[in-house]
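Accompanying notes for the structure given below.
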Amino acid sequence: MIGIQQRLGHTDIQTTMNYYAHTTDYMKKKASQQFNKLMEDLHYKNIYMLGEHPFLNPR
């Protein structure tokens with residue numbers, strides 16, 4: 001992190017840490033949302049592909 005601080009010209013490591021910690025949290029949240037969307041899409045795709053939709057194929 002010190003190398004990043006020096007390259008960016010931050011005089012205080014806390015400035016660098018605050019920026020990258022915030023970015024990392026945002027990226028984790030975004031990745032989680034994208035993964036959830038993918039799982040939902042796959043779930044609904046499987047329902048239709050396997051014919052397990054309760055309205056289309058009642059048992």
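These numbers come from the heavy atoms of this one structure, side chains and all, not from hydrogens, waters or symmetry mates.
With sequence neighbours left out, the side chain to side chain contact (heavy atoms under 4.5 Å, CB included) criterion links Lys30 to Tyr26, Gln33. For Met27, the side chain to side chain contact (heavy atoms under 4.5 Å, CB included) partners are Thr23, not counting sequence neighbours.
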Could you tabulate the donor-acceptor pairs under 3.5 Å formed by side-chain atoms of residues 10-19, not counting sequence neighbours?
residue : atom : partner : partner atom : Å
His10   : ND1  : Thr16   : OG1          : 2.6
Asp12   : OD1  : Gln14   : N            : 2.7
Gln14   : NE2  : Asn18   : OD1          : 2.9
Asn18   : ND2  : Gln14   : O            : 3.3

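The salt bridge (Lys or Arg N to Asp or Glu O under 4.0 Å) analysis of residues 33-43, with sequence neighbours excluded, yields the pairs Lys37-Asp41.
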